Amino acid sequence: MYYPLDALFDLQRALEARLDSDWLRGATAGTGAFPAINVFQQGDNLVAILEVPGIDKADLEIQAKDNAIRISGRKTIAYPDGVSVHRRERLTGTFDRTLTVPMQIDAERIKAEYRDGVLALFIPRAEADKPRTIRINS
Amino acid sequence: MSPQELQVQGKREMEKTQESTIPARLFMPTADIFEDDNALTVVLEMPGVDKSHVDINVEAGVLTIDGRLDFSKYEGMQPVYTEYNIGHYRRSFLLPSKIDQNRIGAEMKDGVLTITLPKAEEAKPRKISVS
């Protein structure tokens with residue numbers, strides 16, 4: 001039997017357990033800077049997921065070189081003219097963050113998907129970096 | 001003027017007024033609220049929530065917004081490094097002025113929900129001219 005609510009709880013605990021793990025060994029510039037990044041392993045590959053709500057796709061720039069992926073852009077909010085603002089919690093500004101992963105990646109084949117304010121980067125591990133089984137000659 | 005550098009806003013968890021039967025955590029979406037003569041507008045950030053998974057409810061003068069995250073996408077993925085947690089969203093607001101409940105409108109774009117709550121005719125400000 002499948003319990004979706006327990007599944008979410010388990011996922012939340014798994015995310016918490018890896019909170020600020022040293023897996024990136026400080027190689028990601030600007031921890032604490034926007035946007036927050038979660039990195040997952042999916043088979044041989046990596047998936048980086050970033051929450052960037054309210055940012056237009058056109059205002060997001062992603063560049064990749066070697067094992068570094070740079071995500072930059074800006075977030076703007078336009079309030080209509082003549083309104084009185086009662087509560088203003090959402091922040092605006094520019095951002096520039098570089099994620100450096102501790103493995104060789106195939107930068108050419110990185111795929112980015114943006115949906116509902118969430119950016120997902122599918123980062124394939126370089127063929128040369130994949131583990132190989134070594135046969136022992138008798 | 002150089003644009004301000006954007007900072008991460010720590011996600012706030014909902015404070016529970018009732019005990020939940022669900023162990024999972026619930027987050028409070030970041031909100032902006034503004035008003036003009038015709039309507040009150042509530043803007044909420046709920047990254048990862050599809051528009052089909054949003055519930056907006058007005059009852060006894062309280063506006064409640066529920067956003068459910070589709071976390072099935074995370075299946076088969078092992079977290080190796082994390083900076084934030086994920087979950088469903090909920091937030092409630094006490095509505096200050098009379099709202100025309102039949103004309104409440106909502107739209108969703110890039111994980112941001114905008115709810116327009118038009119004021120009822122009698123609640124709109126009227127200009128009174130002095131003769």
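Fair warning: this is a prediction, and the values are worked out from it, not measured in the lab. Quick note on labels: first sequence line is chain A, next is B, and so on, each numbered from 1.
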Practice task
Kindly work out whether a path of hydrophobic side-chain contacts (I/L/V/M/F/W/Y, heavy atoms less than 4.5 Å apart) joins B:Val8 to A:Leu121.
Solution key: yes

Problem - ILVMFWY cluster, B:Val54 and B:Ile33 together (side-chain gap under 4.5 Å) - result: yes

Handout entry: Closest non-hydrogen atom pair between A:Gln12 and B:Gly87, with its separation
Key = NE2-CA, 3.6 Å

Problem - salt bridge (charged side-chain N to carboxylate O under 4.0 Å, His left out) partners of B:Asp110, counting only residues at least two apart - result: none

Practice task
Please answer: with hydrophobic residues joined when any side-chain heavy atoms are less than 4.5 Å apart, are A:Met103 and B:Tyr81 in the same cluster?
Solution key: yes

Completion exercise
Cut-off 4.5 Å, heavy atoms of chain A, and the answer for B:Val49 is backbone

Handout entry: Proximity breakdown for A:Leu119 and chain B, heavy-atom pairs closer than 4.5 Å
Key = neither

Practice task
Write out, in numerical order, the residues from residues 56-71 of chain A with a heavy atom short of 4.5 Å from a heavy atom in chain B.
Solution key: A:Asp56

Practice task
Verify the cluster assignment for A:Val85 and B:Leu113: are they in a single hydrophobic cluster under the rule of side-chain heavy atoms below 4.5 Å apart?
Solution key: no

Handout entry: Heavy-atom proximity to chain A below 4.5 Å, by part of B:Arg12
Key = side chain

Exercise for the section: Find the distance between CG (A:Leu46) and CE (B:Met77) and round it off to the nearest 0.5 Å. Expected result: 11.0 Å

Fill in the blank from the handout: Taking every heavy atom of A:Leu19 against every heavy atom of B:Tyr84, the minimum-distance pair comes out as CD1-N, 4.1 Å

Fill in the blank from the handout: Most heavy-atom pairs under 4.5 Å with chain A, out of B:Asp32, B:Val42, B:Asp36, B:Val112, belong to B:Asp32

Please tabulate, for the side chains in residues 126-134 of chain A, all donor-acceptor contacts under 3.5 angstrom to protein atoms that are two or more places apart in sequence or on a different chain.
residue, atom, partner, partner atom, Å
A:Glu127, OE2, A:Lys130, NZ, 2.9
A:Asp129, OD2, A:Gln104, N, 3.3
A:Asp129, OD2, A:Arg125, NE, 3.0
A:Arg132, NH2, A:Ala128, O, 3.3

Handout entry: chain A contacts, top residue of B:Val43, B:Thr30, B:Leu44, B:Val80 (heavy-atom pairs, under 4.5 Å)
Key = B:Val80

Practice task
Identify the two heavy atoms, one from A:Phe34 and one from B:Leu6, that lie closest to each other, and give their separation to 0.1 Å.
Solution key: CB-O, 3.3 Å

Practice task
Report the distance from atom CZ of B:Arg68 to atom CG of A:Leu8, rounding to the nearest 0.5 Å.
Solution key: 12.0 Å

Exercise for the section: Considering non-hydrogen atoms only, spot the tightest contact between A:Ala14 and B:Pro79 and give its length. Expected result: O-CG, 3.8 Å

Problem - A:Ile49 side chain near B:Lys73 side chain, heavy-atom distance below 4.5 Å - result: no

Handout entry: Side chains of A:Val83 and B:Thr41 in contact at under 4.5 Å (non-hydrogen atoms)
Key = no

Practice task
Quick one: pull up CD in A:Glu51 and CE in B:Met46 and give me the separation to the nearest 0.5 Å.
Solution key: 12.0 Å

Fill in the blank from the handout: Smallest heavy-atom separation, B:Glu83 atom then A:Asn38 atom, equals N-OD1, 2.8 Å

Exercise for the section: Please list, in residue-number order, every residue in residues 108-117 of chain A that has a heavy atom less than 4.5 Å from any heavy atom of chain B; write 'none' if there are none. Expected result: A:Tyr114, A:Arg115, A:Asp116, A:Gly117

Practice task
For chain B, find which of A:Glu16, A:Arg13, A:Gln41 contributes the most heavy-atom pairs closer than 4.5 angstrom.
Solution key: A:Gln41

Problem - Connected via hydrophobic side-chain network under 4.5 Å: B:Ile104 and B:Val62 - result: no

Completion exercise
Per-residue tally against chain A (heavy atom, under 4.5 Å) across B:Ala31, B:Gly76, B:Gly48 peaks at B:Ala31

Problem - Min side-chain heavy-atom separation A:Glu89-B:Met28 under 4.5 Å - result: no

Exercise for the section: Side-chain contact test, heavy atoms from C-beta onward, threshold under 4.5 Å: evaluate it for B:Tyr74 versus A:Leu15 and give yes or no. Expected result: no

Practice task
Please flag which part of A:Val47 lies under 4.5 Å from any non-hydrogen atom of chain B: side chain, backbone, both or neither.
Solution key: side chain

